[in-house]
Amino acid sequence: MKLLPLFAAGILALSGCAGAPHAVPPSGGTPIPPRGSTAVPRPGPAAIAPSPPEIAGTRFIRVLLPGGTREVVLEGKSIRAWGVDGRPVAEAAGRVTLAAVGERIRWNGSRLLGGALDAAGAPDLRVGKREVAGRVRLLARRGDLLAVAVVPLEAYVAAVLSREAPRRFHPEALAALAVAVRTYAAGAAAKPRDPAYDVVGSVEDQVFDGTDGVAAVFRQAADRTRGLVVLYRGELARTVYHSTCGGRTESAEYAWGKDIPYLRSQLCDDCADSPVYRWEYRMSGAEGRRVARELGVPPGKDLRIAVTGRTPTGRAIRVRISSGGVSRELQAAEFRKAAGYARVRSLKMEIVAAAGEWRITGEGWGHGVGMCQFGANGMARRGAGFREILARYYPGTDISVESP
Ligand SMILES: [Zn+2]
């Protein structure tokens, strides 16, 4: 398939547990919603220095920076802003605070500008403490200010890797993950989440926390796999990934209700050294009552929480909560979300009531679909290359350079 550079072609644009498809929480559990349209932001002219959008052949991805609400602080030695028509509208030195006022943007507490502008800094720009290697587009939407970093794709891949993978991972495992991160991003760029951005810089998509401080191992993993993506029958694959599968990956069909041929359950005997290969969480009586309440069951002394259905890989798919004659069976993913993704780390779990609390024991961390990161690292340590790793977790796919 042919993918075009975001800006050259005018195209605008899958975690945390890393790399769930759009809108699928780290635990998985919800279907993939339709994506937005492909409206095109045009880069403003680079009056300060050649800003990345003008560098021919560079692909970009538009990342919604998390945390923005009413106000965004830009920092840079020299900051300039352009309207969407490309005309310069403002400049500042050092620091500028932008705020949304309805559908317009207020520049440094005084001037009221239009509802969208592009800002760039020289020599660089920080947005709410994050360095962005490119430009940022600011958009006022009903009193909220969205900050969308327009980041060179390869810088994005290295930056995401630095947040999604441990530095000590084997270079081949990092290379495999780099290809997965890039493929996810390229897929998002082809079908953007929102007319204004391709991905969210959080676990909703892939964690992005700026392009600074990215260790050399991550940049090298991106560099040596530059442009490589995973294709299934010529289309970008949904290269979802997770921390640790606990021995067997999950099928997309059971996690998200949609069968995807290359996202079917695989045996994985390489993640046993993951710190979360086995885990235990003791949910207190008070916490169990809170969770029950949150999930619509008023808790009494006879509160019961039990797994009532499992997928073929042994992961919980349904949980029943009952008390005082009220009984509710829900998706296990709802239970995990309410209890906390970092406590109930996966749905490969057992819940046992014991002395007024619940002892929850489990295996792995994350939704379990696609590539198991610790499994990838285990394979690499056994001598596997990144292509072999990708072939195991995304069987039936090809690795290819995207057409420019
Ligand atoms: Zn595994």
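Just so you know, ligand 1 is whichever comes first in the structure, and atom 1 is the first atom listed for that ligand. The structure displayed is predicted, hence computed values, not measured ones.
- Note on the Zn ion (ligand 1): protein N/O/S atoms under 2.8 Å are Cys245 SG, Cys268 SG, Cys271 SG, Cys372 SG.
- Counted by atom type alone, Arg320 and Ser322 present zero donor-acceptor pairs between their side chains at under 3.5 Å.
- Side-chain contact of Thr249 with Gln266: a donor-acceptor pair under 3.5 Å is absent, judged by distance alone.
- In this structure, Tyr262 and Tyr394 have perpendicular ring planes: the angle between them is above 60°, well past the 30° mark.
- A distance of 14.0 Å separates CD in Glu280 from CE in Met349, rounded to the nearest 0.5 Å.
- Looking only at atom types and distance, the side chain of Arg248 has a donor-acceptor partner in the side chain of Ser265 under 3.5 Å away.
- Side-chain contact check for Thr225 and Arg182: at least one donor-acceptor pair (N or O, by modelled atom type) lies under 3.5 Å.
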